[in-house]
Structure formats: structure tokens, C-alpha cells
Amino acid sequence: MAYITFEQIKNDPTVATYIRQADIALKAYGYTEHSFPHVTRAAKIAAKILEDFGYPQREVELAQIAGFLHDIGNCINRVDHAQSGALMAFHILTSMGMPPEEIAKIIAAIGNHDESSAVPVSAVAAALILADKTDVRRSRVRNRNIASFDIHDRVNYSVEHSAFSLDAAEKSMTLDLTIDTALCPVMDYFEIFLGRMILCKRAADFFESRFRLIINGLTVM
């Protein structure tokens with residue numbers, strides 16, 4: 001069995017191809033950016049969550065790997081992309097010689113990151129959920145023609161500032177957003193993101209922590 005590092009995954013040409021193709025597919029569907037900026041951020045935040053909670057370094061790295069791989073299933077189809085992505089990751093990591101115990105943690109996290117079916121089944125899965133669902137930012141919107149925005153474009157583009165923070169000692173996590181309400185009423189945000197925010201709360205519960213959502217200075221969750 002081989003000790004597979006995050007750097008190996010990050011620099012693997014096969015992984016890079018699947019990430020690019022997944023984002024090309026989502027662009028055709030009209031979705032926001034799901035390419036290297038998103039998966040790199042997901043990897044970084046997932047790792048930081050476990051690091052701040054004092055998990056072993058290898059567990060931190062597994063969360064980092066899961067974050068980087070979590071959206072590759074979109075190159076097959078958006079529907080059930082978490083499950084297809086988990087299967088793809090299984091084949092990639094098995095071919096690289098990663099131990100089954102580590103593969104199991106990664107594919108369980110990937111298979112449980114979509115709000116339609118996700119459950120924070122482990123620390124790696126909970127960290128990935130929080131890292132993925134808190135990535136709300138204007139730069140993810142591809143369409144720059146405001147006149148033709150759909151609700152997804154409006155909601156994401158309206159976010160002028162986004163910051164996710166964690167206080168492990170206080171057992172508190174916060175997503176703090178500044179939203180241009182002229183572009184998007186707060187209720188529109190909840191129409192799109194309510195399921196994701198509830199999932200973040202469940203993931204925070206795994207760490208026996210509180211998840212807070214602050215919009216324009218007001219705690220709304």
C-alpha cells in the first residue's frame with residue numbers, strides 16, 4: 001500500500017482532466033464555477049476545519065484530498081454526481097495504491113456532500129460539507145450580463161463579501177455574508193441555499209458546534 005499525499009493528487013494529470021471536464025459540463029448546464037478555484041478552496045477549508053479541531057495530520061490530509069476530488073462526478077452528470085464522483089475517486093485512489101481504510105473515508109465524504117442525500121457520516125465528510133457549501137462568492141458567476149441573470153446568478157453575484165470562520169474553542173462556525181439586496185433579496189438567497197445551510201448546521205453538529213449565518217450584519221440562522 002502507498003502513502004498518497006495531497007500534492008500527488010493535486011498534480012495528477014488524470015485528476016486535473018476530470019476536474020476540467022466536470023466544470024465544462026456544468027458550464028453547459030448553466031451552473032456556477034466548479035473548477036480549480038472551487039475545489040482548491042474546498043480542500044483548504046476542509047483541512048483547516050479538522051486541523052483546528054485537533055484531528056491527526058493524516059485525517060487532515062484525507063479531508064484535503066476529498067475536497068479536491070469531490071466534484072469530479074459532474075463530468076458524468078450533475079444528477080447523483082456525489083455518488084458517481086465517489087466511484088471515480090475509488091478507482092483513481094485504488095490504482096495509486098492507497099490503503100482501503102483511507103479510500104473508504106474519502107469516498108464516503110465525496111458520496112455525502114450533496115444536500116439532496118448527504119449525511120455527515122464522519123469528520124472528513126462533515127468538514128467537506130462545510131467547506132463546499134460555504135463557498136459563496138461573486139467570482140463563481142460565469143454570466144456577466146446582469147439583465148439575463150437567473151436566480152442562481154443573482155444570488156451568487158449579489159454576494160459582495162463572504163467569510164467563513166471557525167472558533168474551535170468556542171465551538172462556533174460562522175458564514176458571514178454581505179449581500180447587495182438591490183440585486184437579490186435575502187429571501188432569494190434562502191430559496192437557493194436553505195438546504196445547504198441546514199446541511200452545514202448538521203455538519204457543525206457533528207463537531208458539537210454551532211453554525212451561524214450572518215447576512216448584512218444580522219444573524220439569520
Side-chain angles (χ1 to χ4, degrees), residues 1-51 55-135 137 139-142 196 199 203:
M1 297 290 101
Y3 186 97
I4 305 302
T5 67
F6 172 67
E7 287 302 314
Q8 285 176 269
I9 298 298
K10 183 179 176 182
N11 295 316
D12 186 86
T14 298
V15 170
T17 296
Y18 290 149
I19 291 172
R20 281 194 297 269
Q21 291 302 313
D23 189 54
I24 289 169
L26 290 182
K27 183 177 181 180
Y29 298 149
Y31 277 76
T32 54
E33 176 268 319
H34 282 70
S35 190
F36 293 101
H38 172 60
V39 300
T40 300
R41 181 193 182 278
K44 178 181 178 180
I45 299 300
K48 187 176 188 309
I49 289 169
L50 293 196
E51 190 171 53
Y55 280 81
Q57 186 55 43
R58 185 53 178 166
E59 199 89 347
V60 171
E61 189 164 35
L62 294 181
Q64 198 173 19
I65 292 170
F68 199 74
L69 294 175
H70 79 280
D71 268 340
I72 57 176
N74 284 302
C75 72
I76 297 175
N77 197 294
R78 180 63 177 175
V79 178
D80 296 331
H81 76 282
Q83 289 73 33
S84 55
L87 290 172
M88 292 172 67
F90 168 80
H91 287 290
I92 293 168
L93 299 173
T94 299
S95 70
M96 297 175 80
M98 180 180 276
E101 297 82 5
E102 295 188 344
I103 294 174
K105 290 183 180 181
I106 291 170
I107 62 175
I110 295 172
N112 279 283
H113 84 269
D114 186 69
E115 62 270 20
S116 64
S117 59
V119 176
V121 295
S122 67
V124 173
L128 174 56
I129 287 168
L130 288 159
D132 179 40
K133 304 310 175 192
T134 58
D135 187 13
R137 51 187 164 83
S139 58
R140 294 189 70 183
V141 178
R142 304 177 199 272
R196 300 176 196 182
L199 184 56

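- The side-chain heavy atoms of Arg142 and Asp23, taken from C-beta on, include a pair separated by under 4.5 Å.
- A salt bridge does not link Lys10 to Asp12: none of the charged side-chain nitrogens sits closer than 4.0 Å to a carboxylate oxygen.
- Rounding to the nearest 0.5 angstrom, the gap separating the CD1 atom in Ile76 from the CD atom in Gln21 is 12.0 Å.
- Pairing each heavy atom of Ala42 with each of Gly67, the nearest pair is CB-O, 3.8 Å.
- Salt bridge status for Lys44 with Glu51: absent, with no side-chain N to carboxylate O gap under 4.0 Å.
- The distance from atom CD1 of Ile65 to atom CG of Leu128, rounded to the nearest 0.5 Å, is 12.5 Å.
- Salt bridge Asp114/Arg196: absent, no basic N to carboxylate O contact under 4.0 Å.
- Rounding to the nearest 0.5 angstrom, the gap separating the CD1 atom in Ile103 from the CE atom in Met1 is 7.5 Å.
- Residues His34 and His81 bring no donor and acceptor atom of their side chains to less than 3.5 Å of each other.
- Taking the charged nitrogens against the carboxylate oxygens, Lys27 and Glu33 have no contact shorter than 4.0 Å, which rules out a salt bridge.
- Taking all atoms of both residues into account, the shortest heavy-atom contact from Ser95 to Ile92 is OG-O, 2.7 Å.
- In terms of modelled atom types and a separation under 3.5 Å, the side chain of His38 and the main chain of Ser35 share no donor-acceptor contact.
- A donor-acceptor pair under 3.5 Å is formed between the side chain of Gln8 and the backbone N or O of Thr5.
- Between Tyr3 and Met98 the shortest side-chain heavy-atom distance does not fall below 4.5 Å.
- Note that CZ of Arg20 and CD1 of Ile72 are 13.0 Å apart. Values are rounded to the nearest 0.5 Å.
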